[in-house]
Amino acid sequence: VKRFVLTGPRIVLEKTKEGTANWEGLVSGPAAPEEETKEQGTFSLPVKGLNVAEFRVSEGVLLYIDNASGTRKEIKDLNIELTDVSLDKPLNLLFSAIVDGKPLSIKGEAGPIGSEPGKGAMMINLSVNAMDMLSMNVEGSATDVAGNPQFDLSISTAPFSPRDLIKQLMPDFELKTTDPEAFKTISLA
């Protein structure tokens, strides 16, 4: 596939008060016999190869409504761009969105996915920027994330205020410490 471009999708995921979700049953197929499932014990993709030069979703909206808990979350201006998508090599990722009114972006490389997602080693090299206050780089690898997850990661951040970050994420939560200067600014390397 040379290009797959989707512009302006609006996706609404909703749960009823009884807990039934509107996405239930969308990806289920015929049930596999119980013996066959136990013997296999692994999940593999139904394709042996995949090559997509460009996969892009732009100007998307994702709305999650949970009527049981009264929760409503919205992701606007959702943009995802994947280039050089393949099962056997890392892909380039560019993601940006406004999550509940706060900007989030992720840029970098991750992969390969492999024919058995979640198995084997996957390289990670990502830059994350959130809410105009947190800038973080994550480099390393993840192994067997579907079975026995193991991570070897190096994480670094520019100086930021955990107090301000918590206030943005949880406006009703008050961080109380004996020292009012604690968690005012930190950085990781």
Side-chain angles (χ1 to χ4, degrees), residues 1-7 9 11 13 23 26-29 32 37-62 64 73 75-100 102-162 165-166 168-169 185-189:
V1 176
K2 289 182 182 178
R3 294 181 73 211
F4 177 89
V5 178
L6 182 60
T7 304
I11 300 167
L13 302 174
W23 63 86
L26 287 179
V27 292
S28 64
T37 304
K38 284 181 183 177
E39 287 176 17
Q40 291 176 349
T42 62
F43 170 77
S44 62
L45 294 175
V47 295
K48 297 295 179 201
L50 175 69
N51 288 303
V52 181
E54 176 187 9
F55 174 93
R56 185 175 0 135
V57 176
S58 61
E59 303 170 21
V61 175
L62 176 64
Y64 174 75
K73 299 287 181 185
I75 299 175
K76 296 191 301 188
D77 298 329
L78 176 66
N79 297 289
I80 302 169
E81 186 174 331
L82 306 174
T83 54
D84 299 326
V85 178
S86 168
L87 297 178
D88 57 358
K89 63 182 182 179
L91 59 87
N92 296 306
L93 164 73
L94 184 58
F95 171 90
S96 65
I98 305 296
V99 181
D100 289 333
K102 300 167 182 80
L104 171 66
S105 68
I106 303 171
K107 181 180 179 180
E109 289 183 310
I113 298 167
S115 60
E116 293 183 28
K119 294 277 188 189
M122 184 171 81
M123 180 275 300
I124 300 168
N125 184 1
L126 301 173
S127 295
V128 180
N129 291 292
M131 298 174 283
D132 293 328
M133 57 176 52
L134 177 63
S135 179
M136 174 174 37
N137 291 315
V138 180
E139 293 183 55
S141 65
T143 306
D144 197 15
V145 294
N148 181 24
Q150 296 180 15
F151 301 92
D152 182 11
L153 300 174
S154 172
I155 301 173
S156 61
T157 67
F160 72 100
S161 170
L165 187 62
I166 290 170
Q168 283 286 326
L169 293 172
T185 303
I186 68 167
S187 64
L188 302 171

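Distance check, rounded to the nearest 0.5 Å: CE of M136 to CD1 of I155 gives 6.5 Å. The distance from the OG atom of S105 to the CD1 atom of I98 is 9.5 Å, given to the nearest 0.5 Å. Annotation: the span from I124 atom CD1 to S154 atom OG amounts to 11.5 Å, rounded to 0.5 Å. Taken to the nearest 0.5 Å, the CG atom of D84 stands 10.5 Å off from the CD atom of E54. Here S96 contributes atom OG and I80 contributes atom CD1; the two are 9.0 Å apart, rounded to the nearest 0.5 Å. We find the CG-NZ distance between D132 and K102 to be 11.5 Å, quoted to the nearest 0.5 Å.
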Practice task
Decide side chain to side chain contact (heavy atoms under 4.5 Å, CB included) for Q150 and D144; before the verdict, give the C-alpha distance in whole Å, the side-chain angles of both, and the deciding distance to 0.1 Å.
Solution key: CA-CA 7 Å; Q150 296 180 15; D144 197 15; over 6 Å; no
Problem - side chain to side chain contact (heavy atoms under 4.5 Å, CB included) between L6 and F55, worked out - result: CA-CA 8 Å; L6 182 60; F55 174 93; over 6 Å; no
Practice task
Run the numbers on L126 and L93 for side chain to side chain contact (heavy atoms under 4.5 Å, CB included), then give the verdict.
Solution key: CA-CA 9 Å; L126 301 173; L93 164 73; 4.1 Å; yes
Practice task
I would like to know whether V128 and L104 meet side chain to side chain contact (heavy atoms under 4.5 Å, CB included); could you show each step before the answer?
Solution key: CA-CA 8 Å; V128 180; L104 171 66; 4.2 Å; yes
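Taking every heavy atom of both residues into account, L87 and P112 meet most closely at O-CB, 3.4 Å. Listed here is the closest heavy atom pair of V145 and A142: CG1-CB, 3.7 Å.
Between P103 and N129 there is no side-chain heavy-atom pair separated by less than 4.5 Å. Residues T143 and M122 have side chains not in contact (no heavy-atom distance under 4.5 Å, counting atoms from C-beta outward).
Within a 6.0 Å sphere centred on NZ of K76, other residues, nucleotides and ligands contribute 12 heavy atoms or fewer.
Ring-plane geometry between W23 and Y64 is classed as tilted, the angle between the planes lying from 30 to 60 degrees on a 0 to 90 degree scale.
Using modelled atom types and a 3.5 Å distance limit, the side chains of S58 and N79 yield no donor-acceptor pair.
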